[in-house]
Number of protein chains: 2
Amino acid sequence: MRTSIATVSLSGSLTEKLTAASSAGFDGVEIFENDLLASPLTPEEIRARAADLGLTIDLYQPMRDIEAVPPQEFERNLRRAEHKFRLMNRLGTDTVLVCSSVSPLAADDDALAAEQLHRLAALAQEHGVRVAYEALAWGRHVSTYDHAWRIVEAAGHPALGTCLDSFHILARGSDPKGIEDIPGEKIFFLQLADAPLMAMDVLQWSRHYRCFPGQGGLDVTGLVRHVINAGYTGPLSLEVFNDVFRQADAGPTAVDAQRSLVLLQEAAGIAAPPASVEPTGVAFAELTTPDAGAVSDLLGALGLRRTARHRSKPVELWQAGAARVLVTTDPVRHRDGLALAALGLESPDPAAAAARAESLLAPVLPRRRAPEDAPLDAVAAPDGVEIFFCATDREGLPNWREDFAPLPEAPLPDAPLPAGRCGEPGPAAPLRIDHLALTQPWHQFDEAALFHRTVLGLRPQESVDVADPYGLLRSRAVTNGDGSVRIALGIGAGPADDAGRAQHIALATDDVVAAARAFRKAGGRALPVPPNYYDDLAARFEFAPGEAETYRELGILYDRDEHGVFRHFYTETVGRVFFELVQRDGGYRGYGAQNAPVRLAAQHALRPGRR
Amino acid sequence: MRTSIATVSLSGSLTEKLTAASSAGFDGVEIFENDLLASPLTPEEIRARAADLGLTIDLYQPMRDIEAVPPQEFERNLRRAEHKFRLMNRLGTDTVLVCSSVSPLAADDDALAAEQLHRLAALAQEHGVRVAYEALAWGRHVSTYDHAWRIVEAAGHPALGTCLDSFHILARGSDPKGIEDIPGEKIFFLQLADAPLMAMDVLQWSRHYRCFPGQGGLDVTGLVRHVINAGYTGPLSLEVFNDVFRQADAGPTAVDAQRSLVLLQEAAGIAAPPASVEPTGVAFAELTTPDAGAVSDLLGALGLRRTARHRSKPVELWQAGAARVLVTTDPVRHRDGLALAALGLESPDPAAAAARAESLLAPVLPRRRAPEDAPLDAVAAPDGVEIFFCATDREGLPNWREDFAPLPEAPLPDAPLPAGRCGEPGPAAPLRIDHLALTQPWHQFDEAALFHRTVLGLRPQESVDVADPYGLLRSRAVTNGDGSVRIALGIGAGPADDAGRAQHIALATDDVVAAARAFRKAGGRALPVPPNYYDDLAARFEFAPGEAETYRELGILYDRDEHGVFRHFYTETVGRVFFELVQRDGGYRGYGAQNAPVRLAAQHALRPGRR
């Protein structure tokens with residue numbers, strides 16, 4: 001189906017909004033009146049700009065407080081409406097949204113509303129315009145879609161139809177099934193928005209917290225099915241009022257919006273983009289650094305070993321078991337110091353995963369970074385991290401490991417643990433990457449969750465608040481089915497918050513105590529954990545003799561859920577990156593969120609200038 | 001009464017919180033457990049630090065999910081509690097907060113709750129500790145203060161009392177009158193928080209939106225009166241969970257917090273700080289600039305004239321009627337270019353106004369900026385603007401005008417309008433300062449409103465949202481009784497938002513059309529208003545022939561309320577400052593908020609790099 005977006009959903013000037021909508025692949029726009037009023041362009045210029053960008057203008061909106069008013073007031077309203085119909089002719093759009101009245105002048109009189117809407121529609125028709133009447137959830141007398149439709153039906157004018165808005169319908173708890181009783185040709189327009197489920201005043205909820213379908217808790221898909229069943233053939237159009245989107249760059253918001261409509265059509269069975277391909281593991285994490293010294297020391301102390309070197313580029317492969325970390329030395333990327341630049345995900349079908357991503361508007365990266373490299377399918381995540389779809393060591397598929405030449409198997413001088421074969425873990429060395437924690441751009445937390453779910457095929461878990469000393473952070477994990485891919489998406493307290501820039505790699509071990517000892521022995525600096533934390537642990541849990549003392553000595557944190565136990569420690573931070581070594585026992589499912597405030601306070605305490 | 005604050009109310013590390021509480025004049029603190037856990041200081045060190053800062057530790061909090069649980073669970077809880085009692089001894093605090101249980105293990109059994117709380121209190125007593133039991137508004141079985149008190153009464157242990165929390169009581173809509181039935185000595189603690197009235201889940205409301213008394217919509221004062229009547233003699237203690245305060249600097253937040261308690265005590269009749277003195281007019285606005293060229297051109301084009309010069313400093317007085325603008329050339333303050341640095345408010349009693357401000361912890365500025373100046377009482381507002389309490393040309397009081405030497409009365413070459421006496425308005429020249437619009441630091445919007453109300457004696461009006469193309473702004477006016485002082489406090493969409501840094505001065509005229517013509521003739525650059533705005537005006541209002549065309553030609557904006565009509569135009573922006581010329585007719589009360597989105601879009605369009 002055709003896709004459209006209301007200009008009020010995007011940030012910026014009207015021309016910025018039109019450009020963003022076009023770039024994201026929308027077919028049309030709704031022009032929000034205030035955007036037009038504030039634009040220096042004439043209606044004719046806006047029409048031409050939209051046409052140049054391949055956009056139709058599907059709706060002009062809104063007209064308010066038109067119907068069921070005293071005669072004199074209604075004459076004024078008709079006069080006002082006629083001005084707007086002329087404007088719409090200049091703009092080249094033929095449908096206007098009329099919202100049910102909120103005016104104290106409006107009477108609770110359906111017959112009067114119908115009669116006046118009939119007159120409005122007659123005037124509209126003279127100007128070649130159609131009127132789409134919509135029930136606002138907080139309309140004074142008309143607040144449900146079926147009520148609005150009864151009035152439209154009673155008015156009985158060919159230029160009068162109804163506009164359905166998923167927010168107004170679902171926020172009121174109306175049953176959308178009745179939509180199928182409306183003739184499709186009388187549904188002049190369909191506006192879509194989702195919203196998180198919140199117990200709050202519906203007007204505030206609507207004006208500040210709407211989001212794109214799939215980002216909230218409303219069953220927008222179900223509603224769309226009913227509208228399609230009714231025979232609606234107009235565009236799917238997004239109208240989202242959101243305080244964050246108003247501030248965010250229009251370009252990414254528009255892409256996010258268009259992606260939500262692809263997904264909505266997939267869910268509603270209207271369209272079939274390539275199916276999602278769930279990743280089966282983490283192939284590698286790639287760090288970039290202007291100088292590999294500090295990170296090499298850190299990886300060595302963690303029990304990883306340098307096992308291979310890229311054949312043509314300054315990239316080294318560090319490994320322990322299935323935990324693989326690429327370290328790329330790139331003197332140009334010095335702003336952040338060490339940063340996580342890319343992530344390799346094992347995919348049963350890398351090409352299909354990339355096709356899925358492309359159909360969902362993920363930025364697809366060139367398949368080869370250099371002519372001699374194995375061709376790899378990759379896309380950019382919203383936080384800029386490059387996601388590679390990998391088939392490590394699988395026959396018949398491009399294998400990124402072939403770009404690397406093995407290094408001699410002799411243990412490195414700084415290797416902390418006796419290891420078996422090169423790349424095999426020593427007794428406490430990392431087994432695999434347990435999870436990654438990646439902070440997202442401030443405006444794009446919901447977008448990031450949607451991207452990871454729909455593009456990468458991961459499953460979002462509950463969102464949790466974490467108290468940092470300098471503000472509240474939010475975190476939400478996305479995982480694959482067997483937990484072999486776990487990414488905790490985080491967001492800082494504010495745009496300028498530096499805690500919001502951290503990235504961390506958690507490595508799994510089956511003996512965190514031995515690993516912590518080895519790490520220290522190899523000269524690694526663990527994050528210091530305050531003694532008060534251990535006093536509290538002793539109050540909360542009963543430990544075997546000496547157990548709590550070991551944790552205290554080694555800076556190991558402890559958590560327990562209904563399934564099992566989680567023990568973990570953190571390294572110092574280098575650039576934007578720090579590591580965690582974790583041991584999960586008995587099926588513990590979380591990430592130690594209980595301990596995050598202590599970890600964050602300790603990290604702040606290490607920053608220069610903090611007490 | 002003694003004042004206290006929970007460490008969770010302030011941002012930062014525990015030591016930062018203690019320091020801020022002490023500097024703001026608090027007598028004590030509640031130690032929030034997570035702040036202690038995350039601190040590198042031992043309990044003894046925290047105790048010593050607090051003592052050094054003159055703070056007592058009034059409460060340790062919270063203990064959760066203690067009571068009405070199965071026996072085995074309760075034994076574990078006692079074990080945990082004993083750990084905490086020992087910790088409290090080390091910390092030097094004797095009262096612990098126990099919140100009513102939210103655990104699914106808790107039974108709806110008051111007798112069991114009383115019995116277990118009795119045992120807890122007995123154990124506490126052995127350690128010299130008292131237990132203050134509080135009903136959480138979302139407690140599983142105990143959610144009202146009277147229910148919690150019945151259980152405390154039934155338990156009948158001297159080391160067990162109740163803790164009252166204004167949020168939990170008022171958010172549930174409980175009648176606080178019943179507090180007077182509780183013996184004062186059994187009210188072990190009183191926690192205070194306000195909150196804006198919002199229809200939302202009470203837990204979310206409590207965790208994210210609490211604010212200081214007087215900043216929200218709850219009758220905290222009335223509750224405190226009942227608690228005092230009951231005979232409570234402990235501290236007034238603030239416990240505020242607020243997402244913004246978590247991010248804001250602890251120092252100003254603590255001052256704001258302490259000010260709220262002074263005001264609360266004033267309102268409850270417990271304390272009598274010097275009375276508030278309502279200002280009676282705007283004496284002057286003072287601009288600073290590294291180079292007076294551009295602002296001089298602008299003021300001249302607006303019809304103000306340079307009438308006097310400071311006797312010893314590079315300050316010039318520009319004037320038209322009662323509109324007085326000081327321009328200080330200060331090459332050091334070049335970061336912002338032109339900025340509004342100070343505001344003179346006419347005060348019936350400047351010394352009393354300053355005494356009021358000082359009692360409310362406003363930063364008092366030195367009375368003389370130079371030895372030869374008239375002594376002026378002044379304080380700093382939260383946005384850094386200096387507020388001078390003035391008695392312009394009033395006998396027996398220091399007169400700031402005496403610091404200025406009049407300039408010859410000859411009209412300046414660039415004066416746009418024939419004027420009468422020097423400083424008298426020409427036919428369309430400004431009559432007075434109509435209002436000022438000052439953007440506030442991002443974290444301090446509520447603080448700013450409280451400051452202007454309580455320190456300056458102004459009256460807050462409704463808060464309004466204004467759509468900027470790049471985010472939603474908030475604006476709230478504060479005025480004196482006759483409208484001769486009007487300040488619109490604004491806040492940007494985010495911390496990094498540059499629209500959030502603008503300051504503007506609105507000058508009143510009784511002929512805005514003539515003023516706009518004169519301004520243009522004198523070479524002034526008015527903000528261009530898009531033609532679409534005027535098409536819409538013509539649709540909304542019926543004008544006399546030619547009227548709308550005049551507005552369009554001159555960039556005049558138009559608004560109407562139930563009282564009258566408002567016409568206004570804006571100048572270009574210089575540095576952080578722009579001017580507005582306004583004409584109010586028929587008692588119009590607003591500020592043209594309806595037109596603000598158009599104005600903001602036009603201002604953005606003029607910035608480099610914007611289309």
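Proteins get letters first, then strands, A, B, ... in listed order; numbering begins at 1 in each.
Annotation: side chain of B:Asp536 is in contact with side chain of A:Lys84 (closest heavy-atom distance under 4.5 Å).
For A:Phe245, the ring pair (Phe, Tyr, Trp, His ring centres under 6.0 Å) partners are A:Phe212, not counting sequence neighbours. Annotation: ring pair (Phe, Tyr, Trp, His ring centres under 6.0 Å) contacts of B:Tyr533 (sequence neighbours excluded): none.
Heavy-atom pairs under 4.5 Å with chain A were tallied for B:Arg79, B:Arg80, B:Arg76; the largest tally goes to B:Arg79. Chain A forms the most heavy-atom pairs under 4.5 Å with one residue out of B:Pro531, B:Ala467, B:Pro530, B:Ala81, and that residue is B:Pro530. Taking chain B as the reference chain and counting heavy-atom pairs below 4.5 Å, the highest number among A:Glu33, A:Arg599, A:Lys17, A:Glu542 is found for A:Glu542. Of the listed residues A:Pro597, A:Ala250, A:Ser39, the one with more heavy-atom pairs under 4.5 angstrom with chain B than any other is A:Ser39. With respect to chain B, the highest number of heavy-atom pairs below 4.5 Å among A:Ala602, A:Ala539, A:Pro528 belongs to A:Ala539.
Residue B:Pro43 touches chain A through both its backbone and its side chain, counting heavy-atom pairs closer than 4.5 Å. Neither the backbone nor the side chain of B:Tyr534 comes within less than 4.5 Å of any heavy atom of chain A. Looking at A:Leu537, neither its backbone nor its side chain comes within 4.5 Å of chain B, counting heavy atoms on both sides. Neither the backbone nor the side chain of A:Leu14 comes within less than 4.5 Å of any heavy atom of chain B. No part of B:Leu87 comes within reach of chain A, as not one of its non-hydrogen atoms sits under 4.5 angstrom from that chain. Looking at B:Ala538, the atoms closer than 4.5 Å to chain A (heavy atoms on both sides) sit in the backbone and in the side chain alike.
Of all heavy-atom pairs spanning A:Tyr470 and B:Ser13, the tightest one is OH-N, 3.6 Å. Scanning both residues, B:Ala601 and A:Ala38, for their nearest heavy atoms gives CB-CB, 3.5 Å.
If you take CG on A:Asp35 and CG on B:Asn532, they are separated by 11.0 Å, rounding to the nearest 0.5 Å. In this structure, the separation between CG on B:Asn242 and CG on A:Leu472 is 10.0 Å, given to the nearest 0.5 Å.
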Before you tell me yes or no, could you show the steps for A:Asp465 and B:Arg246 under salt bridge (Lys or Arg N to Asp or Glu O under 4.0 Å), namely the whole-Å CA-CA distance, both residues' side-chain angles and the distance that decides it to 0.1 Å?
CA-CA 13 Å; A:Asp465 284 346; B:Arg246 282 179 189 272; over 6 Å; no
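Exactly one of A:His83, A:Arg86, A:Arg90 qualifies for a side chain to side chain contact (heavy atoms under 4.5 Å, CB included) with B:Asp535. That residue is A:Arg90.
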